[in-house]
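Please read all numbers here as calculations on a predicted model, not as lab measurements. Each chain gets a letter, A, B and so on, in the order its sequence line appears, and its residues count up from 1.
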There are 2 protein chains.
Amino acid sequence: MERIHYNIPIEATLEVIGGKWKALILCHLKSGKMRFSELQKSIPQITKKMLTQQLRELESDGIINRYVYHQIPPKVEYSLSDTGESLREILDKMCAWGENRINNQT
Amino acid sequence: MERIHYNIPIEATLEVIGGKWKALILCHLKSGKMRFSELQKSIPQITKKMLTQQLRELESDGIINRYVYHQIPPKVEYSLSDTGESLREILDKMCAWGENRINNQT
DNA sequence: CAGGATCCTTTCTGATACTG
DNA sequence: CAGTATCAGAAAGGATCCTG
C-alpha cells in the first residue's frame, strides 16, 4: 500500500470531502439515513450519474454506509459511517457559516 | 442585486471555499500574511495561473485582503480578512480531521 | 427504484511563453 | 516578483437509453 504524502493535513480531508457535491451530500445525511431517491430530491441540481458516483466514492473512503434491501423495486439507504460521524462538527460549522453569510448579505 | 436561493446553507459556504484549492490556500493563510511567491512555494502543485485565479476569487468574495507594495520588483501580500477569520474554526477542524485520518491509516 | 453504459459538451487545469 | 495570455488536454457534468 502506497502511503500518500501530504504537505498539510487539510489535503487528506479535502481528498475525502472535497469536490462539488460530497460535503453537500454528507450534510443531508447528517439528519439520518436516506434513500437514493430522497437524496436526489434533496439535491435537485445533481444528476443520477453524479450522485451515484459521489456516493460510491464516499462509500469506498469509508465515510458512508450503504444498505441494500433486496426487494423489488429495490431500496437502498445511505447513512454516515462512524468515520462519517466524525465529520459532523465540521459539516455543522460549514452550515452555520453559510447561514450567517446568507443572512448578513446586503 | 439578485439574491441566490440555496436549498441548504452549506451551499453558500461551498460557493466560497469549495473547489480544489481555496480551503488549502486559506489554511496556509491562517498563520499570517503571505506573499504570492510564498504561497506558491507552500503549495507546489498549484500553478501560478490557478493561484492567481483562486486568490482573485477569494478576494472578490471578501475572504482575503490583498496588499500591493508599489515597488520594483513588486511585492504583494495576502491575508485573511475579518470574514476570512470567521472561517478559522472550520479550517482548523478540517486540518485536525485530516491529521487524524493520516495517523489512523493502516 | 436504483442504478449502469454510452456519448457528447463544457468547464477546469496545466504548460509555456511573455511583461511591467 | 507577480502576474497575463494563449493553447491544449483532462476532468467534470449532462442527456439519453437500458436493466434487474
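Mapping A/Arg56 and A/Lys49 onto DNA chain C by nearest heavy atom places A/Arg56 closer to the 5' end of the strand. Residues B/Gly19 and B/Pro73 both approach DNA chain C. Their nearest nucleotides, taken by heavy-atom distance, put B/Gly19 toward the 5′ side.
Atom NZ in A/Lys41 sits about 8 Å away from atom P in C/dC1, given to the nearest Å. Between the NE2 atom of A/His70 and the C1' atom of D/dG20 there is a distance of 12 Å, given to the nearest Å. Taking atom NZ of A/Lys48 as the reference point, atom C1' of C/dA5 lies 13 Å away to the nearest angstrom. At whole-Å resolution of the value, CD in A/Glu77 and C1' in C/dG3 are 16 Å apart. B/Gln53 has its CD atom 8 Å from the P atom of C/dT13, to the nearest Å. Atom CD of A/Gln40 is separated from atom C1' of C/dA2 by 9 Å (rounded to the nearest Å). Rounded to whole Å, atom C1' of C/dG20 lies 14 Å from atom CD of B/Gln71. Regarding A/Gln45, its CD atom lies at a distance of 18 Å from the P atom of D/dA12, rounded to whole Å.
Side chains of A/Leu29 and A/Tyr78 form a contact here, defined as non-hydrogen atoms less than 4.5 Å apart.
A donor-acceptor pair under 3.5 Å links the side-chain atoms of A/Arg88 to the main chain of A/Lys30, judged by distance alone. Distance alone, capped at 3.5 Å, places no donor-acceptor pair between the B/Ser79 side chain and the B/Lys33 backbone.
For the helix from C/dC1-D/dG20 to C/dG20-D/dC1, the terminal axes (five pairs an end, C1' atoms, rotation from four pairs onto the next four) enclose an angle of 60°, given to 10 degrees.
For residues 21-37 of chain A, proximity to DNA chain C is found at A/Arg35, A/Phe36, A/Ser37, defined as any non-hydrogen atom under 4.0 angstrom from a strand atom.
Rounded to the nearest 0.5 angstrom, A/Trp21 CH2 and A/Thr47 OG1 are separated by 7.5 Å.
Taking 4.0 angstrom as the limit, B/Tyr67 places none of its side-chain polar atoms (N or O) nearer than this to OP1 or OP2 of D/dA2.
Salt bridge absent: A/Glu38 and A/Arg35 never bring a charged side-chain N and a carboxylate O closer than 4.0 Å.
Out of D/dG3, D/dA2, C/dC1, the shortest distance to the side chain of B/Lys75 is found at D/dA2. Distance from the side chain of A/Arg66 is smallest to C/dA2 among D/dT4, D/dA2, C/dA2.
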